[in-house]
Amino acid sequence: MNNATSHRQILYGLTADIHFLNLLNQPQLSGKVEQVFNKAINVSIDNHLFTLLSTQLDNAPNSCRLLNNDFSLLNIKNEDNFYLLNNEICIGEHYSLSFSLCKLWQQPVINFIYEKINQRNYQSFLLKQINRLDLILSEARSSLFNYQGDNLFYVASTEKLNQLRSNLISLLKAKQRHGLANVISQFVGLGIGLTPSGDDYLVGLMAFLLLEKHPARTFYPEFHQGIMQSNERTTPISAITLEKALNHEYRENMHQLIQSLVDANETNIYSQFLDILNIGSSSGSDMLFGIRDALYLTHYFGESYVN
């Protein structure tokens with residue numbers, strides 16, 4: 001190890017996606033630490049966000065999982081530099097990243113099985129999962145979709161979210177393109193936090209509804225238009241998450257759930273729902289509302305074939 005980095009503590013990467021590993025090929029790499037949480041550290045590089053994840057979390061786009069459980073024990077703080085020095089990534093004055101143990105995490109390619117949509121057993125499976133999600137979400141009090149308090153801003157946001165949700169479902173059921181992009185755009189940035197509720201809902205909805213070979217995939221242009229014309233209204237992290245979702249890039253546990261839903265595999269599906277539910281303080285429940293509606297629409301489209 002060279003003198004410039006010999007005094008640094010080495011943090012070992014376990015898994016990383018190709019976007020993160022490509023940072024090693026950028027000789028002029030220069031970024032800043034944006035946020036430090038116990039389980040994640042967000043880094044801004046050329047207006048793109050990358051994330052260091054604790055070993056306990058699942059893989060995600062633009063991310064690297066480290067051999068560390070709790071980042072609060074590290075001396076990393078906001079505005080620390082993140083840069084390449086002598087072929088090593090350095091963080092602030094105290095740390096460097098090693099990829100000697102790191103393996104590439106590749107996102108799976110998942111296609112909807114169109115032939116299933118007119119099969120009664122798949123229709124029954126979808127209906128069962130919709131009912132299961134309705135039960136889970138009825139207890140999700142952290143979701144803005146379920147807000148029942150007296151904060152006027154939250155009350156107004158809840159009303160707007162549920163009205164948009166109803167409008168969007170109606171347009172998709174009618175296969176009505178006119179006005180669809182406008183309704184989608186109104187979800188973007190609606191809510192509070194790093195990833196507002198409207199954004200999380202769209203992420204969950206698109207994860208299943210916009211799969212290749214799904215009958216609703218035909219509405220991809222409207223989703224793309226609605227999101228891209230409004231992404232400046234939301235947070236940088238959420239804007240990137242939405243763009244990744246349009247490219248079907250998701251967290252590992254989301255991919256696992258979507259694969260189970262496509263395959264009608266119930267073996268681990270309840271725990272997979274809970275894995276999504278437990279993302280953030282309310283993001284997971286908002287995503288599940290989107291997934292629930294995607295299953296409802298899939299069931300609706302399939303009924304015409306069954307009947």
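All values below were derived from every heavy atom in this structure, side-chain atoms included, with hydrogens, water molecules and symmetry-related copies excluded.
Side-chain contact annotation: Q129 with R132, donor-acceptor N/O pair under 3.5 Å present. T218 and R177 share a side-chain donor-acceptor pair at under 3.5 Å. For the 3.5 Å distance criterion, the side chains of S54 and N68 fail to qualify, holding no donor opposite an acceptor. A donor atom on one side chain and an acceptor atom on the other are found under 3.5 Å apart for Q163 and N167.
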Pair up each side-chain donor or acceptor in residues 34-47 with any protein partner under 3.5 Å, not counting sequence neighbours, and list the distances.
residue	atom	partner	partner atom	Å
Q35	OE1	N42	ND2	3.0
K39	NZ	Q56	OE1	2.4
K39	NZ	N69	O	2.9
N42	OD1	T51	OG1	2.9

(message) Using the rule given for side chain to side chain contact (heavy atoms under 4.5 Å, CB included), can you reason through R65 versus L57, listing the C-alpha separation, both sets of side-chain angles and the distance that settles it, and then say yes or no?
(response) CA-CA 7 Å; R65 289 174 57 249; L57 296 184; 5.6 Å; no
(request) Evaluate the side chain to side chain contact (heavy atoms under 4.5 Å, CB included) criterion for residues I192 and Y154: first the C-alpha distance (whole Å), next the side-chain angles of each, then the deciding distance (0.1 Å), finally the verdict. (result) CA-CA 9 Å; I192 59 172; Y154 290 171; 3.2 Å; yes
(request) For N118 and Y122, run side chain to side chain contact (heavy atoms under 4.5 Å, CB included): C-alpha distance rounded to whole Å, both residues' side-chain angles, the deciding distance at 0.1 Å, then the answer. (result) CA-CA 8 Å; N118 65 344; Y122 191 63; over 6 Å; no
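In summary, K128 and E266 engage in a salt bridge, as defined by a charged side-chain N under 4.0 Å from a carboxylate O.
Under the 4.5 Å side-chain contact rule for hydrophobic residues, W105 and F20 do not share a cluster. Linking ILVMFWY side-chain heavy atoms closer than 4.5 Å, directly or via other members, places L67 and F99 in two distinct hydrophobic clusters. I237 is not connected to F50 by any chain of hydrophobic side-chain contacts under 4.5 Å among Ile, Leu, Val, Met, Phe, Trp and Tyr, and they are in different clusters. Under the 4.5 Å side-chain heavy-atom criterion for ILVMFWY residues, a single connected hydrophobic cluster contains both L97 and Y95. Hydrophobic cluster membership differs between V33 and I240, with clusters built from Ile, Leu, Val, Met, Phe, Trp and Tyr side chains linked at under 4.5 angstrom.
Between F145 and Y201, the ring planes lie tilted relative to each other; the angle falls in the 30° to 60° range.
In this structure, I276 and M287 approach most closely via the heavy-atom pair CG2-CB, 4.1 Å. Pairing each heavy atom of L84 with each of P27, the nearest pair is CD2-CA, 4.0 Å. Residues N75 and H94 approach most closely at ND2-NE2, 3.0 Å, considering heavy atoms. Nearest heavy atom pair, residue I10 against residue S98, reads CG2-CB, 3.4 Å. Of all non-hydrogen atoms in R251 and I279, the two that sit nearest each other are NH1-CG2, 3.5 Å. The two residues L53 and S63 make their nearest non-hydrogen contact at CD1-CB, 3.7 Å.
In terms of the ring pair (Phe, Tyr, Trp, His ring centres under 6.0 Å) criterion, residue partners of H248 (sequence neighbours excluded) are, by chain and number, Y250.
The distance from the CD1 atom of I227 to the CG atom of D199 is 8.0 Å, given to the nearest 0.5 Å. A distance of 10.0 Å separates NZ of K103 from OG1 of T15, quoted to the nearest 0.5 Å. From L194, atom CG reaches atom OG of S238 across 8.5 Å, with rounding to the nearest 0.5 Å. In this structure, L127 CG and H299 NE2 are separated by 4.5 Å, a value rounded to the nearest 0.5 Å. Between I91 atom CD1 and Y83 atom OH the span is 10.0 Å, to the nearest 0.5 Å. Rounding to the nearest 0.5 Å gives a distance of 9.0 Å between OG1 of T158 and CG of L190.
In this structure, the side chains of L297 and K173 come closer than 4.5 Å at one or more pairs of heavy atoms.
Note: F208 and H214 meet the aromatic proximity criterion, with ring centroids under 6.0 Å apart.
Annotation: L152, atom CG; neighbour count of heavy atoms from other residues, nucleotides and ligands within 6.0 Å does not exceed 12. No more than 12 heavy atoms of other residues, nucleotides or ligands shown are found within 6.0 angstrom of CG on D150. Summarising the local packing, NZ of K32 is surrounded by more than 12 heavy atoms from other residues, nucleotides or ligands at distances under 6.0 Å.
Cation-pi geometry between R292 and F289 is not satisfied (NZ or CZ under 6.0 Å from the ring centre, within 45° of the ring normal). For the pair K175 and F301, the cation-pi test (distance below 6.0 Å, angle within 45°) is passed.
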